[in-house]
Amino acid sequence: MELGLTGRVAIVAGASKGLGRSIAIGLAREGANVAICARSQDSLTSTAKFIQETYSVAALPIVADLRNHADIDRVVDGTVNRFNRIDILLNNAGGPAPKTFEESTGEDWEKAIGLNFFSGVRLIQRVLPHMKSRSWGRIVNILSSGVKQPIDGLVQSNAARAAMAGAAKTLAREVAVHGILVNNICPGRIQTERVNEVDAATARRKGVTVEEVRRESCREIPMGRYGQPEEFANAVVFLASECASYITGSTLQIDGGFIRSLW
Ligand SMILES: NC(=O)c1ccc[n+]([C@@H]2O[C@H](COP(=O)([O-])OP(=O)(O)OC[C@H]3O[C@@H](n4cnc5c(N)ncnc54)[C@H](OP(=O)(O)O)[C@@H]3O)[C@@H](O)[C@H]2O)c1
């Protein structure tokens, strides 16, 4: 299938490792130029180098803390200065502290909403004019299976993702007329550093080993294993492509069958 991504320009947020990195690589593999951002200069630079050398597209690394609106502005302005367009936005970042409601402090909540809601809102606000000017755009928000089935011990994530899902659904209806499609993708358990942290926190809370937590998680997943970042990225790349031309306002889980609900 020709995805029609050659020459497109994507901003991939949180792309120094994990899901964001795999998505940036997946888009580059299909011929898109990418601007990638995260806080760690070294891993961002090495990711950009790997992409450029492997796929012969341009990869622009921009060090940025997504909790800081001035940094978000730098990401968007830097991308436009370099490529003169923005076609695709991958809204992604790290996850909030794995805590229960009673463990979560006011500061935790502010950080979680800042990173997993306001950063996405700000990025979308800034890229929309560029997409509208070309009557084409793809916005994909990386959320969590917690949007459909809240996860114990991840209350801040469950709440912040639900807020983003509500905003995205509303936005999808507002901007469809401009050729801009907005969708959410929810990872279940995909093997990254974030999942290692969450599993370690669950092990501490339950007083069991990390291996026991993993075995228990895998029992809940019909496919019996965690997903790989590339398996997740393939679905994101499709939603970011020309081929997803009649899909908007959807929330798709990539979870090996983990979520039990119908929707
Ligand atoms: N993996 C899963 O199975 C899973 C399941 C459910 C939900 N999710 C969610 O999906 C998202 C991506 O997950 P992941 O597993 O890829 O996480 P990850 O391995 O922790 O990677 C997170 C990425 O975001 C960047 N980042 C974190 N905080 C940032 C900040 N303040 N400003 C800029 N960049 C920031 C990190 O780079 P720096 O540290 O260099 O900034 C890194 O590139 C997270 O929100 C996670 O909670 C993942």
Side-chain angles (χ1 to χ4, degrees), residues 11-26 34-48 61-75 90-99 110-120 122-123 140-165 184-202 213-214 217-218 220-221 223 225-233 235-236 251-256 258-259:
I11 293 178
V12 185
S16 64
K17 61 184 178 184
L19 303 181
R21 183 176 190 275
S22 287
I23 293 164
I25 290 171
V34 291
I36 56 176
C37 70
R39 293 164 302 175
S40 327
Q41 177 143 30
D42 287 354
S43 36
L44 206 55
T45 309
S46 65
T47 298
I62 305 174
V63 175
D65 185 334
L66 292 163
R67 286 172 302 189
N68 181 339
H69 281 189
D71 280 16
I72 289 179
D73 291 348
R74 260 195 319 104
V75 170
L90 258 304
N91 241 333
N92 174 56
K99 291 187 179 180
E110 278 177 27
K111 276 191 190 162
I113 300 298
L115 185 60
N116 295 114
F117 181 66
F118 284 135
S119 72
R122 179 71 177 179
L123 273 165
V140 184
N141 303 306
I142 308 306
L143 302 180
S144 163
S145 60
V147 165
K148 298 195 176 196
Q149 189 171 291
I151 303 166
D152 292 347
L154 279 178
V155 67
Q156 299 155 45
S157 174
N158 294 336
R161 317 297 186 177
M164 197 63 212
N184 305 313
I185 297 214
C186 301
R189 277 272 190 283
I190 313 292
Q191 187 56 62
T192 66
E193 280 183 31
R194 165 72 179 170
V195 155
N196 292 341
E197 282 166 23
V198 171
D199 284 350
T202 305
V213 169
R214 294 206 160 201
S217 289
C218 287
E220 291 291 314
I221 301 169
M223 289 186 69
R225 64 173 177 87
Y226 287 10
Q228 291 303 312
E230 300 72 29
E231 294 177 290
F232 181 82
V236 179
T251 299
L252 171 70
Q253 67 254 32
I254 309 291
D255 66 349
F258 167 69
I259 292 173

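Numbering of ligands and ligand atoms starts at 1, following listing order. Every value quoted in this text rests on a predicted model; they were computed, and no experiment measured them.
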* **Those atoms of ligand 1 less than 4.0 Å from some heavy atom in Ala64** => 32 (N), 33 (C)
* Asked: More than 12 heavy atoms of other residues, nucleotides or ligands under 6.0 Å from CD of Gln41: is that the case?
  -> no
* So Thr47 and Arg21, side-chain hydrogen bond (donor to acceptor under 3.5 Å, both in side chains) or not? Walk me through it. -> CA-CA 7 Å; Thr47 298; Arg21 183 176 190 275; 3.1 Å; yes
* Measure Arg161 to ligand 1 on non-hydrogen atoms and call it side chain, backbone, both or neither using the 4.0 Å cut-off. => side chain
* Side chain, backbone, both or neither: which part of Ala38 comes within less than 4.0 Å of ligand 1 when only heavy atoms are counted? -> both
* Inspect the surroundings of CZ in Phe118 and state if more than 12 heavy atoms from other residues, nucleotides or ligands are less than 6.0 Å away. => no
* Structure fact -> Note: ligand 1 atoms sitting under 4.0 Å from heavy atoms of Ile142 are 10 (O)
* To do: Work out which heavy atom in Leu123 is nearest to a heavy atom in Ala13; give both atom names and the distance.
  => CD1-CB, 4.2 Å
* Asked: Which protein non-hydrogen atom lies closest to atom 20 (O) of ligand 1, naming both residue and atom, and how far is it?
  -> Arg194 CB, 3.5 Å
* **Expected output: side-chain Arg194 to main-chain Gly18 donor-acceptor under 3.5 Å** => no
* Asked: Can you tell if the side chain of Ile151 reaches within under 4.5 Å of the side chain of Ser157, non-hydrogen atoms only?
  -> no
* Minimum side-chain heavy-atom gap Asp255-Cys186 below 4.5 Å -> no
* Structure fact -> Taking only non-hydrogen atoms of Leu115 and a 4.0 Å limit, the atoms of ligand 1 in range are 30 (C), 31 (N)
* Under 3.5 Å, N or O to N or O, is Ser145 touching ligand 1 that way? -> no
* Structure fact -> atom 29 (C) of ligand 1: closest protein heavy atom, distance to 0.1 Å, is Arg39 NE, 3.5 Å
* Check: Arg74 and Ile62 side chains under 4.5 Å, non-hydrogen atoms -> yes
* Out of curiosity, Leu115 CG to Gln156 CD, how far, rounded to the nearest 0.5 Å? -> 11.0 Å
* Does the side chain of Phe258 reach to within under 4.5 Å of the side chain of Ser145, using non-hydrogen atoms? -> yes
* Asked: Taking heavy atoms and a distance under 4.0 Å, where does Leu66 meet ligand 1: side chain, backbone, both or neither?
  -> both
* From Val12, Leu66, Asp65, Val63, residue fulfilling side-chain contact (heavy atoms from CB on, under 4.5 Å) relative to Cys37 -> Leu66
* Please verify whether a non-hydrogen atom of Leu143 lies at under 4.0 Å from ligand 1. => yes
* What protein heavy atom sits nearest atom 38 (P) of ligand 1, and how far off is it? -> Ser40 OG, 3.5 Å
* Below 4.0 Å from any atom of ligand 1, is there a heavy atom belonging to Pro229? -> no
* Structure fact -> Going by the 4.0 angstrom heavy-atom rule, the piece of Ile190 near ligand 1 is both
* **Polar proximity ligand 1 side, Pro187 side, N/O cut 3.5 Å exclusive** => no
* Measure the distance from atom 15 (O) of ligand 1 to every protein heavy atom, then report the residue, atom name and distance (to 0.1 Å) of the closest one. => Thr192 OG1, 2.4 Å
* Structure fact -> So the atoms of ligand 1 within less than 4.0 Å of a heavy atom of Asp65 turn out to be 30 (C), 31 (N), 32 (N)
* **Taking atom 37 (O) of ligand 1 as the reference point, the nearest protein heavy atom with its distance** => Ser16 OG, 2.9 Å
* To do: For atom 45 (O) of ligand 1, find the nearest protein heavy atom and state the residue, atom name and distance (0.1 Å precision).
  => Ala93 O, 2.7 Å
* Asked: Do Asn68 and Arg122 come close enough that some side-chain heavy atom pair is under 4.5 Å?
  -> no
* **Part of Arg189 within contact of ligand 1 (heavy atoms, under 4.0 Å)** => backbone
* For ligand 1, which atoms sit closer than 4.0 Å to a heavy atom of Gly14? -> 23 (C), 24 (O), 25 (C), 42 (C), 43 (O)
* To do: Could you tell me the residue and atom name of the protein heavy atom closest to atom 12 (C) of ligand 1, and the distance to it rounded to 0.1 Å?
  => Asn92 OD1, 3.1 Å
* Asked: So which heavy atom in the protein is nearest atom 13 (O) of ligand 1, and how far is it from that ligand atom?
  -> Leu19 CD1, 3.7 Å
* Part of Ala15 within contact of ligand 1 (heavy atoms, under 4.0 Å) -> backbone
* **Contact atoms of ligand 1, heavy-atom distance to Gly95 under 4.0 Å** => 44 (C), 45 (O), 47 (O)
* Asked: Any donor and acceptor pair, going by atom type alone, linking the side chain of Ser46 with main-chain N or O of Ser43 inside 3.5 Å?
  -> yes
* Structure fact -> side-chain contact (heavy atoms from CB on, under 4.5 Å) test vs Ile185 passes for just one of Ile23, Thr251, Val140, namely Val140
* Residue Val195 vicinity, atoms of ligand 1 by number, heavy atom under 4.0 Å -> 1 (N), 2 (C), 3 (O)
* **Gly18 neighbourhood, listing ligand 1 atoms whose heavy-atom distance to it stays under 4.0 Å** => 16 (O), 19 (O)
* Asked: Side chains of Ile72 and Ser119: closer than 4.5 Å at any heavy-atom pair?
  -> yes
